[in-house]
Structures are given as structure tokens and as C-alpha cells.
Amino acid sequence: MQLKNVIDSPCGLRYMLDQLDLQSGFARRWLLDSSMMTDAEYIRESYGVLRCFTDFIEREDKTYIDTLQFRLQGLKDIRTTINNLSQKSILDDIELFEVKHLAILATDVNRLLQEHGMEGVVSIPALDEVISILDPDGMKIASFYIYDSYCAQLKDLRAAMRQHPDQQDDLMLQASELEEGVRRDLSQQLHPFATAIEQAQIALARIDVNLAKALQMRQMGLTFPEVSEDGTCRYQDMFHPQVKAALAVHGRDFQPVNIGFGLLPTLITGANMGGKTVVLKTLTLCQLLFQFGFGIPAAQARIAVKEEIYFCIGDEQSVEKGLSSFAAEMKNIDAVIKASRENKKILALIDEPARTTNPTEGAALVSALLKVLAGRDMSLVMTTHYDIEPGDARCLRVKGFENGSMDYQLVEVQDGEVPHEALNIAQSLGIDSEWIDMARKQLNAAAMPPMVKKDKH
Amino acid sequence: MLPFINDILRYDSLSIVGLEKNTGKTETLKYVLDRLPVHTKRIAVTSIGIDGETTDQVTRTQKPEIVLREGMYFGTSETHYRQRRLVSEVIDVSDVTTSLGRVVTARAVTGGKILLSGPSSGSGLKHWMSEMQRYDIDLVVIDGALSRMSLASPAVSQSMILATGAAYSVNMNTLVSKTAHVVDLINLELTDDENIAMLMPIESGVWFIDKDRQLHGLDAISSLSKDFHFQGMDCCETLYVSGALVDGFLEKVRMNKNLKQTELVVRDFTKIFVSPQQFRLFIKGGGRIRVLQKSKLIAVTVNPTSPSGYVLDSDTLCNRLSEAIGLPVYDLLKN
């Protein structure tokens, strides 16, 4: 799975990419095309490289980092040219310029990094030979044409052109044949370097991406995660950067959350507006950020590698597919159940399943889902408003509405009993009292079953 | 030095604009490029997009080639770069693509011929011009067609030369009055700096600024829509039309009593598509039109010969036009 396939996940991954200060369009494309890492060793290595960059931005001053970023702006997507080169095509002047430009850029960036203790962090193949092929006069300037020094005859023809502008067309024709011969020679000489040039282009993209990730970590206060080997995950002071930024606009703070879960299902209950959905969103976001090697929005994080990540948020309607919200949700959860049978390492985050149907059947569906998935080797975090028997599931509860304000912390509880705070919360929102009072009366009446029955008849 | 070359060198950028095909724009460009002091000044040349002359793309007739001199910088599309007939050094390839490929920036190592087709949008052109500062360019010359098809406006340049002629009209009176109308539009004054800062980033829609300097967007998609209404605009100080300004809209503004004191702002003169009559009525009624960007009109050149072969008297044309617009007018072919 590539980053571009999950970038629009409702967990808010796009925000993280939008906030990434990438210098080149090529680096962005390369990042979007990168695959999700599912190998713990690979993830560790990737964070090892990122750590070199965070150390680097801490110790170097801003002007130097600005210089590096400015240089990286010169990174262009020349994959077509590289492809032509490896196909043994004859490159034209524009393509030869692109190769030279990239080779000089790679050499410059490599030197800049080496001078500042970043030798070998991201290895850039040496392209000195490429430069000397395309820079016969040793000018070290990233411009290109078929220089006079490639061919003595060409030099004479050009001198003649300047002296006899009236014969220019004729001389130009002769010169262009010679030029084409030079291009053929140059392309042949460059052909063995096609792979190295391609690697250099990718190395520069990796540097751009890592530098941007490192700057993002500092700016948003993200952390390096520990890779968990036992399948459990634990976050301390986890936050959602986008929600945090949105709250900050209104002068409000995001209350960080502590949460941990393992291979047994975790059930989160809690009042409305208790931030349950945000918890699931953040967990999904963290898992994806982890497997694409970004900093994690928490004070501390220990995360297990998963092969598949499912985020089922209840209220998405697939209008294009002609599905109702209920059907869309059922299909999404169905995919989780099917995948769980395939013995894959899965993380499933399900927000209030079956919320849109009647409470009797809804509760039955949720309870059964919990039983079905509990036996599987997977991590499941689910929120619900239904009172259900938790079985083996761990139950977490949002602390909830206390003294007129919401406490978003999660506390472990022994049973899955759901809080009954909806009316209090609605009242605090200033919802019309005629409605809320009526609901309260109904509830009180319901506490006396015979009366209800009598009313119904 | 020949007329107006010195004037040109007082500015960083010049666009050469033809009012119609065969008004001698290419001759004017050639005249200017031949006479610029290439040994003491760094000159860069480009064109707006595919020159707006889309017929080139449709009929596949070649655009005239421009002769560049050794040392001149130029920007053209990849397609036209490959067809060049001069020796030149590639110094940059832009990320932005036009219909003819990316824009290649190069320096002429020998003199020779090139087809010009530069950035195709206003922001692309501006970006290209600012990039040229890296090479210490003293003057950017833009081959700037005046066309409704072109998205890039020649008004991004500091100065301008206008080419007109019998191809625009073979009737001298009509030619003089039509040209004078365009000159009036080119000479429209800039709005104040505060308005420019506020309105320049807006690319679409109709907007107004109230007396408390608050910016409001109007719900109409463009000033072209028939049922355009001015509602809730009693305290409108400045009315900004980001797209085309047309007769119908201008008339509605003129007839609206609430907008008597309002300053009407357009991006630049190329966005104004109103008839001379409607324009005069508006100005006479005390209306004010201002622009966000304008160029200093340096001179007007004429080609007295129409494509059909009809020839106007060059001296009479130059004198009458010069009188009408208060600027020097040259027939470059004659001189």
C-alpha cells in the first residue's frame, strides 16, 4: 500500500503531508509513491536516518538549513530522461542539461552534508565522472550546450558562422550533424551511469523528505516511537496535530490522552463529545505515521508493526456507490472480519458500529462483532454507546463531564456499562429545554415499566 | 541612438504588443532587439504563451522567427527550443509546462533564429521574470500579443510599445480613434497601494471594499452574468472585477445611484472589453476606472499597409495619431 492510497483517510493524514515543508515536487511524488513499511527492522532503520536529521537541525544554525533547503528546490523530476538514457537513446541538449544539473546538485548537496557531519546518512552515488563528461571545460556551472571543446571541427564551423552570418543556414546544417555525433558519444558515455543517476535523484528526494520530517517533528512537538515486538501499543500524552491546531485558533488547548492496547479487544465508552472519535482518529493517524516513518504526536509512543490498518468511521456514506450509511459501514467491517481470517497482523479501529440502526439489533451486532474478533490475533479498538457484555475485552471510559467541563482522559473500568450523560450534556449546550425536559420525563416513566406498558396500550 | 531605445533602457521590462496581426509587431520587436546595446546590457527575451495567436496552433502556419544576437538570454518552449537555429546554452528548464512543453531558458552562444513561446500564464511569466534576476538581466523584452485567448497579460511589464496599423482598420479615422481608445485604457491610473495589496491575489469573482476597508465577495460568478445584482453594497468604496469588464456590467454600475462615488478596479487594461462609447459615457458621468498593474506606454508604431494591400499615407497617419494620443508615433519600415 502506497502513501497516496491512504492520504485521504478520515484520520487526517493529509494535514501532516500538507504541513511538511518539502522543497521539490519530485520529493512529494516520491513520498506519495512510497510503500507502507511492514518490517520492524526497516522501520527502525528509517527512524535511525530521521534521528540523524533531527540531531542535525538541532546543532546547525538556520542559515545553513535554509541553504540546504534552497539547494533542494533545484531537484527536478527527470525520470523520463533517465529512462531514455538507460534505453540507450540519444539525449538532446535539454536532457543532457537535466543530467548535468542533477549531477552537480547531488555533488553539492553531498558536500554540504559531509561538511556538517552527515556523511553516509543518506548515501548519494558519486557522479563526478558524469559531471566531467558534461563539463569539458571544468566550469562547474549547471548549464549545458555542445561545447566547442567536444569537437575541433565544430569550433571552426561556429567561428565561421560568426564571421559569415550570410552563410549561417548552410554552416548551421553542417554543425548540427557534428553536434548530433557529439550527443551520440555523450549518451553512450553516460549510459553506464543511468542507475547511479536514478539513485542520486532518489537520494536527494530522501534528504528533502527527512529534512522536512525532522523540521515537522520540532515544530509540532512529535516524538520518536519505540518499535514494539509483542504486538502491544502504548501512547503517553497522545494528541491530534490538526485538532490541536484548530483548537489553538480559538485559544483552546488539546487535552492529551494516555492509551494502551494489546491483542485483546479494547472497548471505549463514554459520554457524547467525550473525544472518543478523536482518540480513534489519532490512533489511526499514529499507526500510519509510524509505518511511513514520520514523527509521532505523543510524549512517548511504543507501537507494534501491522500489516493492515482498518479505520471504520460510522458516518461515511458512499453516495457514489449508492450505499446507505448503514450498508457502507457493514461493508467496511465485513472487510475487517474477512482480513482477520487470513492470519495477518491487523489493527482495526471501529467507531460506534451499527449506530444508525435500532438499538436492539445494533447492540446485538456490536456484541457479536466483539465475540467474533476477540478470538483473532489482532488489535481492535472500538467505541460504542451500547450497553454490551465486554467478555474478554478491556474497557476504557472517557472520564467525562465533571464540574461543568469535559475531562477527556481515559480510565480503565471493569465493565462496559455506558454512561448516561447525554441529557446533561445536551442541557449544557443550551438545547431547548422543552425537548430535554420531555426526554427526562420519559426516562423517569420508563424506570416504572408498568406505566410505560399502560401508556402504550 | 535611435528614438525610444533610451526610453526603453530606463525600465526593467518591456512588452511589445500588436493590436492586430500584421500591425508590424514582429518588425517592432526586431527593430528593438537589433538596436539594444547587447554588449553593455544583459537582455532576455520571451513571449506570452504561444503568443495568444492560437491560429498558429490550428493552421500550423509558422510564427515568424525572431533573430537573437549573441549573448542574449531567451525563454521558449521545449518544442521550439529543439527547432532553434542558433547555438545556445541551456541554463534552466522550468517545472511549469505549457501546451508546447516546459519553458527552457537559454543564452545565445551565437546569433541566430528562434521561435518564441514563453510562459502561458500571468503568474508563470512573472515567475520567469523574477528568475531572470539571478542572471543579472538588465531588461526583459516580452513579445506580448494582445489577445482574449491569452491568459498572460503584457501589463506585467514596466513599459510597453504598441504596434497598430492598417490591418486594425483601413479607415484612418477609425484607426486613429480605435487606437486612441486602447491608449486610453493602457494609461488608466493605478489604484492606491492598499487596494493593490488587498486585491492582487484575487483571481476570480467580483469583490468590493466598504468604507471600513472590509473586503466582501459578491455571489455572482462573473460580471458577465445577466442577472447580476448589487445588493447590500450601500457603502461600497471600491468595486473590483477580477475577470473581464464588459459593456453590460459597466452600464449597470453607471446606472446605479449607490455606486456614483465608487472606484471601479480591474486587474489591467487587457481585462477591459467595453466599447469606446460605453467607456466614454462612464468617464463623462464622473466614473473612475483604475488598474492593479499598468505599464508605461513608451511609443506607438504603425504599419500603414494592410494585408489586403491597401496603404495609408504614413506621414498623415503618424501625425494624426500622435496628436490624438500625445505620444511619438513611428513608422519603422519607412525610416
Side-chain angles (χ1 to χ4, degrees), chain A residues 23-29 70 73-78 80-81 91-102 104 134-135 137 139 141-148 150-151 154-155 157-176 178-180 182-183, chain B residues 30 33-34 38-39 42 44 62 65-98 100-115 117-118 124 127 130-137:
Chain A
Q23 302 304 309
S24 69
F26 177 70
R28 181 173 297 272
R29 273 192 291 278
F70 179 73
Q73 284 176 7
L75 176 59
K76 305 272 167 82
D77 185 354
I78 67 160
T80 318
T81 303
L91 301 190
D92 66 19
D93 286 15
I94 299 171
E95 291 172 313
L96 290 167
F97 163 80
E98 288 179 324
V99 170
K100 182 178 179 181
H101 180 82
L102 179 72
I104 290 181
L134 295 172
D135 189 17
D137 304 328
M139 313 254 279
I141 303 170
S143 62
F144 182 78
Y145 74 108
I146 305 297
Y147 297 96
D148 288 358
Y150 281 127
C151 171
L154 191 60
K155 189 179 175 182
L157 273 174
R158 284 180 181 162
M161 263 189 243
R162 290 196 180 95
Q163 276 167 15
H164 311 285
D166 49 319
Q167 298 168 27
Q168 177 142 357
D169 284 0
D170 189 35
L171 295 166
M172 185 71 86
L173 196 66
Q174 293 177 44
S176 66
L178 291 174
E179 284 181 2
E180 195 58 13
V182 173
R183 282 186 204 107
Chain B
K30 187 173 178 303
L33 293 182
D34 281 351
V38 78
H39 299 294
R42 282 201 182 185
Q62 278 294 22
E65 286 177 313
I66 304 292
V67 179
L68 295 182
R69 291 152 72 197
E70 189 176 329
M72 281 183 169
Y73 288 72
F74 61 95
T76 194
S77 66
E78 276 177 276
T79 309
H80 287 158
Y81 189 78
R82 295 199 169 96
Q83 296 166 5
R84 72 195 178 282
R85 290 200 287 149
L86 49 78
V87 181
S88 57
E89 181 172 21
V90 182
I91 56 173
D92 191 35
V93 181
S94 78
D95 288 331
V96 188
T97 49
T98 70
L100 294 171
R102 295 169 298 176
V103 176
V104 176
T105 305
R107 188 180 65 87
V109 176
T110 67
K113 291 175 184 167
I114 182 80
L115 279 162
S117 49
H127 182 70
S130 69
E131 287 286 295
M132 292 315 287
Q133 286 171 3
R134 276 205 267 167
Y135 310 108
D136 295 326
I137 298 295

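In this text the structure is predicted, and so the values were computed from the model without any measurement.
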[atom2] on [Y] to [atom1] on [X], rounded to 0.5 Å:
X	Y	atom1	atom2	result
A/Ser176	B/Arg84	OG	CZ	10.0 Å
A/Glu98	B/Arg102	CD	CZ	4.5 Å
A/Phe97	B/Glu89	CZ	CD	9.5 Å
A/Tyr145	B/Leu86	OH	CG	12.0 Å

(message) Between A/Glu179 (side chain only) and B/Val87 (backbone N and O only), is there a donor and an acceptor less than 3.5 Å apart?
(response) no
For the student: nearest non-hydrogen atoms of [X] and [Y], plus distance:
X	Y	value
B/Arg85	A/Gln168	O-NE2, 3.8 Å
A/Lys76	B/Val93	NZ-O, 2.8 Å
B/Val90	A/Asp93	CG2-O, 4.2 Å

(message) Counting heavy-atom pairs under 4.5 Å with chain A, which one of B/Thr110, B/Val104, B/Val109, B/Asp95 comes out on top?
(response) B/Val109
(request) Output the option from B/Glu70, B/Arg107, B/Glu78 having the highest count of non-hydrogen pairs under 4.5 Å with chain A. (result) B/Glu70
